[in-house]
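Presented below is the structure to which this report refers.
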Amino acid sequence: MRILVVEDEEALALRIKRVLESENYHVEVAFDGDSGVELALTETYDLLILDILLPGLSGIQILKEVRREGLSMPVLLLTSKNRVEDKVAGLDAGADDYLTKPFALPELLARVRSLLRRTSEATSAVLVVGDLEVNTSSHAVIRAGKAIDLTAKEYAILEFLLYNKNRVLSRLSIAEHIWGDNFDLFTMTNFVDVHIKNLRKKLDDGRDKQLIQTVRGVGYIIKDTL
Ligand code: CA
């Protein structure tokens with residue numbers, strides 16, 4: 001699970017990072033709004049934690065940009081002021097929850113867990129692109145009514161691409177998602193290519209157009225329109 005923290009109080013940002021990492025989340029930190037929004041829109045995260053008052057774009061502006069781009073990951077806002085209008089503006093902009101500073105780190109962890117659980121329940125469903133159906137509970141993969149047998153790694157890559165449909169995923173971000181930080185990721189990107197090749201063999205059998213498209217020099221994408 002990858003989490004982005006955008007918080008300009010560096011000491012607090014690093015404490016949040018440490019406590020989340022102790023729970024095995026992969027955490028990246030930005031200390032201002034502009035680098036925060038850039039990361040949020042170019043990398044793939046399962047959850048965003050955004051301070052509202054930031055140098056550059058505010059947390060609420062970042063949130064609006066993220067939602068405008070169609071990204072639906074849960075967003076937790078941090079506010080230093082117990083101001084009703086901040087909360088209302090945040091929730092209107094599509095925040096899922098907020099915490100008022102100062103807060104205890106276990107409280108933050110509890111919110112993060114609950115937000116991530118909510119998404120995994122909400123997304124435990126059938127993903128459909130064209131004639132492909134993927135059941136994220138049973139892991140059944142069906143194309144044009146025909147069941148396709150995938151290995152666990154192939155399935156994980158396909159599901160990751162489908163959850164990020166219409167976005168290009170780099171080989172590195174796929175490797176990181178599948179293998180975590182425990183491997184030499186630059187080596188693992190070669191395994192990504194091998195798995196993609198095998199996936200294509202199974203998914204595209206006898207078709208002209210590839211389901212998983214290569215974006216040269218960048219990575220892979222599954223588009224809504226096949
Ligand atoms: Ca701040």
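Atoms within each ligand, like the ligands themselves, are counted from 1 in listed order.
- For Y45, the side-chain hydrogen bond (donor to acceptor under 3.5 Å, both in side chains) test picks out E28, with sequence neighbours left out.
- Atom OH of residue Y220 and atom CZ of residue R200 lie 6.0 Å apart, to the nearest 0.5 angstrom.
- With sequence neighbours left out, D32 forms a side-chain hydrogen bond (donor to acceptor under 3.5 Å, both in side chains) with S35.
- D46 has no carboxylate O lying under 4.0 Å from a charged side-chain N of R2, or vice versa, which leaves the two without a salt bridge.
- Partners of N164 according to the side-chain hydrogen bond (donor to acceptor under 3.5 Å, both in side chains) rule, which considers only residues two or more places apart in sequence or in another chain, do not exist here.
- Taking CE from M1 and CG from L20, the interatomic distance works out to 12.5 Å, rounded to the nearest 0.5 Å.
- For the Ca ion (ligand 1), protein N/O/S neighbours under 3.0 Å (waters excluded) are D8 OD1, D51 OD2, L53 O.
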